[in-house]
Amino acid sequence: DEYRHIWGLDADVEVTVELLSRLVHPDDRDAVGTQRPDRSDWLAYAEFRRVDPRTGEIRWIARRGEVVSLDGTAPRFVGIAMDITDRKRSEQALAESESRVRELAEKLDVKVIRHRNVRLLMKQLALDAERSGRRSAGTVMLAEMLRKSVAQVSRFAAENPVTPIGDRIAREIEEAFGKAHGWMDHVHDD
């Protein structure tokens, strides 16, 4: 009953090699050896799609088994089969999600990331200064730490910075905070 359910077959349908072959998605038939069930590749593990005979829905099946024929009797199939559709859908969703993340990461401009990080850093420095009783802006604090002018740090923190200044100051920030080269070029948690 469970085998018939996996294949989407009613209890009164006769299960034949030809029927199962027709239910396997056309693109997967050669890969799973459904054209000639006497082939030794029926022993191999296979994952393939099958087409539901009633609805046309595509489901995934994993199977491992072999064809057994004793004394010229009709072949029988011995092994296991399971519906792995949910796993395949999850794998597909994960692959699509990872692809979207890669595309977004490729589109991110390193300058934008650096400026976001610098603005977060300056905000934190301003909060730290305020807590310690100093009335200095984050720009002033960062400039002091880097031994730069406020104008240089301000240019880097601006919306449209000059890239050479950004590269140089980003590396100097990494050095001042003991971070690895390129640390400023990556998105960090707030």
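For the single chain, residues carry numbers from 1 onward in sequence order.
Remark: side-chain polar atoms of Asp52 are not paired, donor with acceptor, to backbone N or O of Gly8 under 3.5 angstrom. Proximity of a side-chain donor or acceptor of Arg4 to a complementary backbone N or O of Val13 within less than 3.5 Å is detected.
Side-chain atoms of Asp83 and Arg59, non-hydrogen and from C-beta on, do get closer than 4.5 Å to each other.
Heavy atoms of other residues, nucleotides or ligands lying less than 6.0 angstrom from CG of Asp1 number 12 at most.
Following chains of ILVMFWY side-chain contacts shorter than 4.5 Å, one cannot reach Trp60 starting from Tyr45, and the two form parts of different hydrophobic clusters. Linking Ile, Leu, Val, Met, Phe, Trp and Tyr residues whenever their side-chain heavy atoms come within less than 4.5 Å places Leu20 and Val24 in a single cluster. Leu19 is connected to Tyr3 through a chain of hydrophobic side-chain contacts under 4.5 Å among Ile, Leu, Val, Met, Phe, Trp and Tyr, so both are in one cluster. Hydrophobic clustering places Phe48 together with Val15 (ILVMFWY residues linked when any side-chain heavy atoms are closer than 4.5 Å, directly or through intermediates).
Contact detail for Ala126 and Gly138: the closest heavy-atom pair is CB-N, 3.6 Å. The two residues Ser21 and Arg29 make their nearest non-hydrogen contact at O-NE, 2.7 Å. The shortest heavy-atom contact between Leu146 and Ala176 is CD2-CB, 3.8 Å. Considering all non-hydrogen atoms of both residues, His25 and Val51 come closest at CA-CG2, 4.2 Å.
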Legend entry - Worked verdict on Arg87 versus Glu91 for salt bridge (charged side-chain N to carboxylate O under 4.0 Å, His left out): CA-CA 6 Å; Arg87 187 192 88 202; Glu91 288 171 354; 3.0 Å; yes
Legend entry - Test log, rule salt bridge (charged side-chain N to carboxylate O under 4.0 Å, His left out), inputs Asp86 and Lys88: CA-CA 5 Å; Asp86 291 340; Lys88 286 294 195 175; over 6 Å; no
Inset, instruction - Give the C-alpha distance, both sets of side-chain angles, the deciding distance and a yes or no for salt bridge (charged side-chain N to carboxylate O under 4.0 Å, His left out) between Arg147 and Glu175. - result: CA-CA 12 Å; Arg147 295 189 174 102; Glu175 188 176 316; over 6 Å; no
Inset, instruction - Using the side-chain contact (heavy atoms from CB on, under 4.5 Å) rule, take Met145 and Phe177 through it: C-alpha gap first, then chi angles, then the decisive distance, then the call. - result: CA-CA 9 Å; Met145 291 180 80; Phe177 285 89; 3.5 Å; yes
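Here the straight-line distance linking atom CD1 of Ile6 with atom CZ of Arg50 works out to 9.0 Å at 0.5 Å rounding. Put simply, CE on Met141 and CD on Gln124 are 11.0 Å apart, with the number rounded to the nearest 0.5 Å. Interatomic distance, CD of Glu96 versus CG of Leu94, reported as 10.0 Å (0.5 Å rounding). Taken from CZ in Arg89 to CD1 in Ile58, the straight-line distance is 10.0 Å, to the nearest 0.5 Å. The distance from atom CG of Leu142 to atom CD of Glu172, rounded to the nearest 0.5 Å, is 10.0 Å. One distance of note links CD of Glu103 with CZ of Arg100; it measures 9.0 Å at 0.5 Å rounding.
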